[in-house]
Participant: 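Pasting in a structure now, in structure tokens, and then I'll have a few things to ask.
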Amino acid sequence: MSKNKPPMTGFRRAPLKKTIGALLLASLSLTAGACRQDMHDQPKLKTYREGADRVPPEGAVARGTLAVSAPVAEAGAAKSEFPFAITAEVLARGENRFNINCAPCHSKLGDGNGMIVQRGFKRPPSYHEERLRNSPASYFYDVMTNGFGAMASYSDKLSVEDRWKVAAYIRVLQVSHNAKIEDVPAAERAKLEAADAAAPQGGQTQ
Amino acid sequence: MPQIFHRSTNTLSRVSIVSVLVIVGGVIGILTQINRTPYISQAYMAKQQPVQFSHKHHVGDDGIDCRYCHQTVETQASAGIPSTKTCMNCHSQLFATSPYLEPIRESWRTGKPLLWTRVHDLPDFVYFNHSIHVSKGVGCSTCHGRIDLMPQTWQVQSLQMEWCLECHRAPEKFVRPKDKIFEMEWPASGFDQAVEGPKLVKEYKIQNQNVMTSCSTCHR
């Protein structure tokens with residue numbers, strides 16, 4: 001019967017066609033398989049997904065924050081400086097948060113010449129003016145919590161504790177800007193004077 | 001009985017067997033390479049956003065810290081996207097009448113959040129956490145590139161499993177000192193990754209390869 005068939009050609013092509021067909025089918029099913037997105041987009045709540053964006057009711061207090069709020073409230077009422085002891089770690093955290101949240105406007109020095117002010121935002125007063133140097137720390141806490149004039153509240157960016165730490169760092173800035181060489185401990189003073197002698201233009205210690 | 005097939009079909013059948021293998025291999029190879037292209041991984045593709053927000057202006061020109069807007073990057077899985085109020089902290093005064101900012105002001109008036117289009121989006125079967133990476137010395141620019149130069153935000157890495165594993169197998173090639181996490185120009189000149197990397201891995205107590213590459217670390 002094979003004699004009736006035209007020689008070879010038909011035979012040669014068929015398997016090739018079949019292979020191509022099979023390949024196409026395989027790659028199609030592979031790509032089609034990859035189109036299924038149901039494991040990529042699962043019906044669960046994740047950050048920023050619809051349903052996960054609810055706003056807490058007015059006045060809600062996050063768990064674990066009351067313990068700090070109570071002494072803070074007392075300290076605020078008594079107008080004493082800070083509700084907790086001020087350590088090097090507290091100041092380091094204060095500096096970190098200040099440079100992130102406040103320095104864009106108030107500048108890293110606290111003189112009110114931050115980058116955003118140079119771009120046209122209202123210029124805040126310098127922390128080094130008499131009135132603010134005499135304000136209690138709780139005043140800075142209050143400005144951060146409630147905002148002040150053109151400045152928005154930062155209570156959404158800084159926890160209660162962080163606000164006090166930033167206030168402590170503002171005190172550091174104020175003290176450092178009005179320090180005299182006599183305020184520096186004797187041992188450190190020698191180092192500063194050596195540095196000053198090395199770089200007469202420095203002017204850091206005056 | 002006559003020969004059904006001509007002798008030449010022997011060669012033909014061999015050739016076709018080999019070429020089928022080559023073709024199948026080639027097609028699979030091409031498919032995997034296509035899968036790695038930015039077309040599939042969406043790298044380098046800026047997305048249409050409701051407001052033309054520019055990291056180049058805000059970070060590059062104005063020097064605002066990432067954490068002013070991406071507040072939770074050090075403490076939570078998600079880096080956080082700034083609220084409308086965050087924009088209004090400055091734009092209540094700056095460009096207060098700019099038409100580009102109208103969607104922000106509308107959101108501020110109506111209280112309806114602005115919906116940004118996601119740029120990076122891992123599949124839901126992958127678990128990712130920013131805080132662990134940031135606290136173990138992986139900087140933003142290692143994964144997100146030079147954000148401070150981007151007028152629109154795009155992805156610079158494939159975010160494919162291969163890419164995660166490249167680092168999880170050898171974190172010493174990527175980690176940096178903790179005070180340089182937010183530095184955009186990295187590696188800085190004078191920093192020798194080959195010497196400092198392994199030291200930092202030890203200092204941060206980064207877990208061994210078994211844990212880092214175990215499936216359940218990322219698929220949980």
Side-chain angles (χ1 to χ4, degrees), chain A residues 1-3 5 7-8 11-13 15-16 18-20 22-24 26-27 30-31 34 37-50 52-53 55 96-97 99-105 107-108 114-122 147 150-159, chain B residues 2-6 8-9 12-13 16-17 19-20 23-24 26-28 30-31 34-35 40 57-58 61-69 71-72 74-83 85-86 88-96 111 113 115-116 118 121-126 179 182:
Chain A
M1 54 165 214
S2 60
K3 268 181 228 158
K5 285 212 158 179
M8 289 359 137
F11 181 75
R12 250 183 275 147
R13 262 190 212 134
L16 206 65
K18 261 190 210 150
T19 345
I20 291 178
L23 265 179
L24 269 178
S27 55
L30 271 178
T31 32
Q37 289 287 316
D38 43 1
M39 291 306 276
H40 289 243
D41 302 313
Q42 298 164 16
K44 64 182 178 190
L45 282 187
K46 291 187 78 180
T47 319
Y48 299 122
R49 194 154 292 174
E50 210 172 332
D53 54 358
V55 182
N96 174 278
R97 291 298 116 174
N99 286 342
I100 295 169
N101 291 293
C102 319
C105 297
S107 99
K108 288 199 176 174
M115 189 53 103
I116 304 304
V117 174
Q118 293 170 34
R119 292 273 193 268
F121 203 85
K122 179 175 176 183
M151 177 184 142
S153 155
Y154 278 75
S155 54
D156 56 338
K157 297 206 176 293
L158 296 167
S159 70
Chain B
Q3 283 268 321
I4 299 178
F5 298 118
H6 189 263
S8 67
T9 47
L12 274 174
S13 64
S16 51
I17 287 173
S19 53
V20 161
I23 290 174
V24 170
V27 166
I28 292 177
I30 289 171
L31 281 178
I34 289 179
N35 212 26
I40 300 289
H57 276 155
H58 291 87
D61 299 349
D62 297 341
I64 308 173
D65 194 288
C66 310
R67 290 164 286 182
Y68 189 96
C69 293
Q71 229 167 295
T72 53
E74 293 168 307
T75 50
Q76 290 177 22
S78 163
I81 288 290
S83 62
K85 176 181 171 294
T86 299
M88 289 305 279
N89 284 355
C90 293
H91 288 294
S92 59
Q93 288 205 4
L94 286 176
F95 298 103
L115 295 181
W116 300 96
R118 279 206 80 110
D121 198 1
L122 287 173
D124 285 358
F125 52 77
V126 182
D179 56 341
F182 296 90

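In what follows, chains carry the letters A, B, and so on, assigned in the order in which the sequence lines appear, proteins first and then strands, with residues in each chain numbered from 1. What's counted below: heavy atoms across the whole structure, side chains too, no hydrogens, waters or symmetry copies.
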Participant: Considering residues, nucleotides and ligands other than B:F95, do more than 12 of their heavy atoms fall under 6.0 Å from its CZ?
Facilitator: no
Participant: Give a yes or no on whether the backbone of B:I81 and the side-chain of A:Y48 come within a donor-acceptor separation of less than 3.5 Å.
Facilitator: yes
Participant: Quick one: closest heavy-atom pair of B:K85 and A:A152, and the distance?
Facilitator: NZ-CB, 4.0 Å
Participant: Would you compute the distance between atom CG of B:D62 and atom CD1 of A:I116 and round it to the nearest 0.5 angstrom?
Facilitator: 4.5 Å
Participant: Taking all heavy atoms of B:R67 and all of A:N96, pick out the closest pair and write down the distance.
Facilitator: NH1-ND2, 3.6 Å
Participant: Looking at every heavy atom in both B:Q93 and A:K122, which two are closest together, and how far apart are they?
Facilitator: OE1-N, 3.0 Å
Participant: Listed by chain and number, what are the side chain to side chain donor-acceptor pair (under 3.5 Å) partners of B:S83, not counting sequence neighbours?
Facilitator: B:T86
Participant: Enter the distance from B:F125:CZ to A:H40:NE2 here, rounded to the nearest 0.5 Å.
Facilitator: 4.0 Å
Participant: If you take all heavy atoms of B:N89 and A:Y154, which pair is closest and at what distance?
Facilitator: ND2-OH, 3.6 Å
Participant: Rounded to the nearest 0.5 Å, what separation is found between the NZ atom of A:K157 and the SG atom of B:C69?
Facilitator: 6.0 Å
Participant: Does any heavy atom of chain B fall under 4.5 Å from the side chain of A:D156, the backbone, both, or neither of them?
Facilitator: both
Participant: Who pairs with B:D124 by salt bridge (Lys or Arg N to Asp or Glu O under 4.0 Å), at least two apart in sequence or on another chain?
Facilitator: A:K46, A:R49
Participant: What's the verdict on side chain to side chain contact (heavy atoms under 4.5 Å, CB included) for A:I100 and B:I64, showing C-alpha distance, side-chain angles and the deciding distance?
Facilitator: CA-CA 7 Å; A:I100 295 169; B:I64 308 173; over 6 Å; no
Participant: Does B:Q76 form a side chain to side chain contact (heavy atoms under 4.5 Å, CB included) with A:T47? I'd like the steps, not just the answer.
Facilitator: CA-CA 11 Å; B:Q76 290 177 22; A:T47 319; over 6 Å; no
Participant: Where on A:K44 is there a heavy atom nearer than 4.5 Å to chain B: the side chain, the backbone, both, or neither?
Facilitator: side chain
Participant: Under a 4.5 Å heavy-atom cut-off, does chain A meet the side chain of B:N35, its backbone, both or neither?
Facilitator: neither
